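Below is one structure, written out as structure tokens, with a few remarks after it.
Predicted, not measured: the structure shown is a model, and the values here were computed from it.
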Amino acid sequence: MRTCLLLAALVAWPVMAAEPQASADIASTDPARAWELFLDKAEFEQAYPAYDVLDKVGYRPDGVDAALCREHADALNAAVAAAPVSIVLRRAAMLCAEAVGDDTGAEHALTALAGLAKLALSQASNTINPKPIRVLRPDDAYALLHASGLEYRYDYYAEVAVKRYFPLVIAAWDPEAKLEHHLEFDYIDTIQRIDRKDRFSGFPFNRNQYVDAFVDSQVKANDILGLDIQAVRDAIGVAATKDKVAKLRVTAERGGIQSALNWLSLCASKPFPGCGDGFVDAVLPQAEKQYALPMTLLAYAYAEGVGVKPDAESARQLLDAADKRWRYDGATLTYAALWAINHKSALPDALRQRLVQAQARGNANARLLLIREKFVANPKAAFDDAEVAFLSEPKHNGLGSGYAMLAGYHARLKHKQETLEWGKRAAEAGNAEAQSNYGLALLDGDGLAADRVAGERMLAEAAHGGDTWSQRYLASLSAQQGRWADAEGWLMAAVDSGDIKAVLFLAELYEWERPGVSGKVDRAVEIYRALADADNVAEGRRRLAVMALAGRGMKKDPGQAKQWLLADAEKGDHASEYMLGMSYLQGELGNVDEAEGTRWMERAIEAKEEGAYADYGYWLYYKKQTPQSRSRALELWRAGETIGAAGASNNLAWALCTSADAAVFDAKAGLASVGKMGNVESLGATALDTVAACHAAAGDYKRAAELQARAIELLKKANASATASSDEDDTRGYRDRLALYARRQRYIEPVVRKQP
């Protein structure tokens with residue numbers, strides 16, 4: 001009887017416009033507000049353990065233990081108070097009240113449960129890449145099915161990598177409509193919002209930690225949900241397609257949806273003899289139960305001949321049958337998405353026609369796929385007015401996909417203002433790439449008013465959405481300000497995703513043993529060696545070479561350093577060429593060998609290796625110190641500037657603005673060079689020192705003093721781990737220049753005579 005009452009309550013539940021009374025159970029009167037308050041105030045340490053009460057009251061999908069409900073009534077009430085947005089706890093409270101004959105309590109629990117359930121179902125979307133339904137724990141997702149009369153069929157994780165969300169998809173059967181619904185839920189973003197005490201709270205890596213914890217616990221419990229995603233992750237970690245399939249095969253045979261899907265894709269796109277052997281047998285048991293997604297995978301296998309002789313008619317029949325059971329043409333849409341992933345060519349006519357027919361029935365997802373297909377066939381195609389109107393509808397932009405398509409379209413046409421406008425909408429809807437692009441535009445003031453605070457906030461959203469560039473950028477900003485622990489925090493998710501630049505950045509933090517980070521120099525050496533040996537990353541060998549030359553983290557060994565650099569330089573790695581050349585010029589490999597050093601440096605310059613312009617020019621200008629070498633240095637820096645080498649611009653600007661040589665000094669040209677170094681708000685201490693010197697050289701002493709003061713503060717923060725005396729030494733020259741600017745004098749670099 002109670003289930004019928006709940007369904008009636010779900011249908012009749014009103015939208016509350018007014019602020020509820022403080023004495024009321026806010027989940028009963030305004031569940032959306034209850035969620036807002038919960039996310040703002042709740043503590044993970046209280047909310048998550050509240051679910052332990054479910055075992056205490058003997059909760060199961062179809063009931064509870066009345067005696068245990070009486071015994072643990074206080075604990076159940078406390079649990080509901082600790083996690084008032086939990087659907088499963090509200091359902092347990094309702095069932096317990098019914099079991100002990102508490103009609104008033106049952107009605108109260110029913111009202112709260114109905115409100116929370118209706119709010120959750122209102123978040124369900126048929127769009128591609130929807131924003132998932134927010135829950136506190138997976139238990140709530142399954143309880144929602146029981147509460148709303150849907151029947152569980154199977155489940156799977158929609159993604160392998162953690163982004164803003166880690167959607168759990170539950171395929172649920174509607175016995176009245178005779179249709180399969182695929183509902184996406186997420187609890188990872190909720191946890192990240194209420195976990196305020198973890199070392200990585202507030203950083204994307206916190207999400208990774210919880211996903212890994214859930215998957216690990218499921219693997220230990222032999223739960224196919226965790227085993228499935230772990231098998232896919234293991235397959236990603238091996239190189240050969242045969243080895244990937246071997247990792248996926250066992251779990252797919254046990255019913256793992258993602259394992260089966262990835263196995264099918266591999267054999268369709270990179271087949272090898274025997275690739276699909278056993279695939280049909282693995283998927284068939286679930287397909288015979290008329291589970292729509294396995295039926296779709298089986299149809300695709302017949303179409304592509306994966307593990308079975310190609311049979312277009314069997315594929316069509318299976319796809320027709322799956323579409324009849326999968327709400328909103330889910331089978332056709334999934335099949336089309338699989339085709340797009342595995343083929344570079346346009347959709348087959350028969351598949352295109354299915355999408356056209358679905359579009360005619362009002363299927364927005366089919367229309368979206370056809371719009372994308374239009375640009376696959378003709379990358380220079382244009383949106384018509386109807387397509388723009390369709391893509392800009394809010395209901396098609398749960399995560400901003402439509403807005404992002406429009407932004408990308410205008411970016412291709414170089415329509416800057418339209419790109420920014422659509423990009424902003426996509427960013428506000430949650431599209432991580434758009435958030436990254438728009439955040440950078442805000443930082444740089446590119447096409448709109450510069451707003452550093454808003455820009456960094458937008459980049460943080462992008463970072464939480466899985467954008468690795470934003471994660472690295474925020475780490476860089478943190479490092480510039482001496483917030484080393486924050487730099488590590490921003491990097492960890494990117495490192496977890498295998499981003500090599502992030503791994504190198506993290507290792508650098510460990511190499512210099514920055515305060516607050518979790519690794520030391522020995523860990524840096526381990527990382528560099530792993531990159532060099534296992535991943536064949538040349539930068540790993542270069543870092544090891546630098547450490548070997550300095551004797552940092554290992555015994556000083558110029559011979560080994562030379563071998564590391566030669567290994568890649570001889571293969572044409574230009575960064576290694578330039579580092580090897582500098583090592584010869586500086587005598588780090590023994591005696592100074594200018595001929596050999598120059599040979600390698602010129603090879604790097606010819607290849608336009610950015611670092612070579614700055615460092616080779618520096619050696620020529622300050623070390624060799626002949627009129628010819630100084631002239632060559634200026635030429636190199638100017639050439640480097642033309643290809644965007646910021647280090648070359650910095651060195652050129654410094655020379656132009658601080659030189660005592662009238663033939664070199666040129667404040668106007670120096671200012672032009674610092675203008676090419678990037679947004680002044682994003683520059684580090686060394687670059688700001690140069691910018692300040694150029695403003696002073698041009699007579700703008702007020703601006704010079706402002707920038708120099710900022711450079712000093714950045715340098716102090718960056719050197720937070722240094723002793724007081726060394727910090728004094730580091731900032732002395734900066735402070736001396738600040739004093740000059742206060743006296744309205746430019747800085748003139750002393751002429752240092754070459755040692756005989």
Side-chain angles (χ1 to χ4, degrees), residues 153-160 169 171 180 182 218-219 222-326 330-345 347-348 350-351 354:
R153 285 294 182 261
Y154 53 97
D155 50 18
Y156 56 95
Y157 288 118
E159 303 284 351
V160 176
V169 182
E180 188 172 291
H182 286 232
Q218 290 161 347
V219 170
N222 204 32
D223 184 337
I224 189 59
L225 188 62
L227 292 168
D228 185 28
I229 206 67
Q230 188 59 58
V232 176
R233 289 179 168 186
D234 289 344
I236 291 172
V238 297
T241 304
K242 284 186 177 182
D243 294 334
K244 291 179 184 291
V245 169
K247 297 281 186 183
L248 298 168
R249 189 186 303 271
V250 174
T251 312
E253 289 172 347
R254 290 190 53 183
I257 295 294
Q258 277 283 12
S259 295
L261 191 154
N262 279 271
W263 180 6
L264 178 61
S265 290
L266 283 169
C267 293
S269 60
K270 300 177 181 179
F272 61 86
C275 184
D277 289 353
F279 180 81
V280 172
D281 290 338
V283 177
L284 192 58
Q286 288 181 305
E288 288 177 334
K289 293 178 182 178
Q290 294 189 301
Y291 290 174
L293 180 51
M295 291 170 71
T296 304
L297 298 182
L298 191 57
Y300 195 85
Y302 271 101
E304 296 282 279
V306 174
V308 67
K309 184 179 179 180
D311 187 337
E313 180 58 22
S314 293
R316 184 192 63 77
Q317 291 178 9
L318 278 164
L319 195 54
D320 285 344
D323 261 336
K324 287 180 181 178
R325 297 180 65 83
W326 193 341
T332 289
L333 295 170
T334 300
Y335 190 103
L338 271 171
W339 176 275
I341 290 171
N342 296 319
H343 297 272
K344 302 297 183 183
S345 57
L347 295 174
L351 182 53
R354 294 184 75 97

Scanning both residues in full, the closest heavy-atom pair of Ala292 with Ala322 reads O-CB, 3.7 Å
In short, Val306 meets Gly276 closest at the heavy-atom pair CG1-CA, 3.9 Å
Output for pair (Leu318 CG, Leu298 CG), nearest 0.5 Å, gives 5.0 Å
>> Assess the residue pair Ile229 and Gln218 against the criterion (side chain to side chain contact (heavy atoms under 4.5 Å, CB included)); give the C-alpha distance rounded to whole Å, side-chain angles, the decisive distance to 0.1 Å, and a yes or no.
In response: CA-CA 10 Å; Ile229 206 67; Gln218 290 161 347; 5.7 Å; no
Contacts of Tyr154 meeting ring-ring contact (aromatic ring centres under 6.0 Å, His included) (sequence neighbours excluded), chain-then-number -> His182, Tyr291
Quiz item: Could you go step by step and tell me if Leu261 and Tyr156 meet the side chain to side chain contact (heavy atoms under 4.5 Å, CB included) rule?
Solution: CA-CA 11 Å; Leu261 191 154; Tyr156 56 95; over 6 Å; no
With sequence neighbours left out, the residues meeting side chain to side chain donor-acceptor pair (under 3.5 Å) with Thr241 are none
Residues pairing under side chain to side chain donor-acceptor pair (under 3.5 Å) where one sits in residues 257-282, two or more places apart or in two chains, turn out to be Asp228-Ser259, Gln258-Asn262
Closest heavy-atom pair, Phe279 versus Ala260, reported as atoms and distance to 0.1 Å, is CE1-O, 3.3 Å
Start with the C-alpha gap between Tyr157 and Val232, add the side-chain angles, then the distance that decides, and say whether side chain to side chain contact (heavy atoms under 4.5 Å, CB included) holds.
-> CA-CA 11 Å; Tyr157 288 118; Val232 176; over 6 Å; no
Heavy-atom nearest pair, Pro310 first then Ala303, reads CB-O, 4.4 Å
- Measure from the side-chain N and O atoms of Asp323 to the backbone N and O of Ala331, and report whether any donor-acceptor pair falls under 3.5 Å. yes
Exercise for review: Kindly determine whether Val169 and Asp155 satisfy side chain to side chain contact (heavy atoms under 4.5 Å, CB included), including the steps that lead there.
Suggested key: CA-CA 6 Å; Val169 182; Asp155 50 18; over 6 Å; no
Heavy-atom nearest pair, Tyr300 first then Leu338, reads OH-O, 3.6 Å
By salt bridge (charged side-chain N to carboxylate O under 4.0 Å, His left out), Arg325 pairs with (sequence neighbours left out) none
Nearest heavy-atom contact between Leu297 and Leu264 is O-CD2, 3.6 Å
Sorted by chain and number, sequence neighbours left out, side chain to side chain donor-acceptor pair (under 3.5 Å) with Asp234 holds for Gln230
Side chain to side chain donor-acceptor pair (under 3.5 Å) pairs touching residues 247-256, sequence neighbours excluded, are Asn222-Arg254
To the nearest 0.5 Å, atom CG of Asn342 lies from atom CD of Glu304 at 7.0 Å
dist Glu180:CD -> Leu293:CG (nearest 0.5 Å) comes out at 7.5 Å
* **Check against salt bridge (charged side-chain N to carboxylate O under 4.0 Å, His left out), Arg316 and Asp320** => CA-CA 6 Å; Arg316 184 192 63 77; Asp320 285 344; 2.7 Å; yes
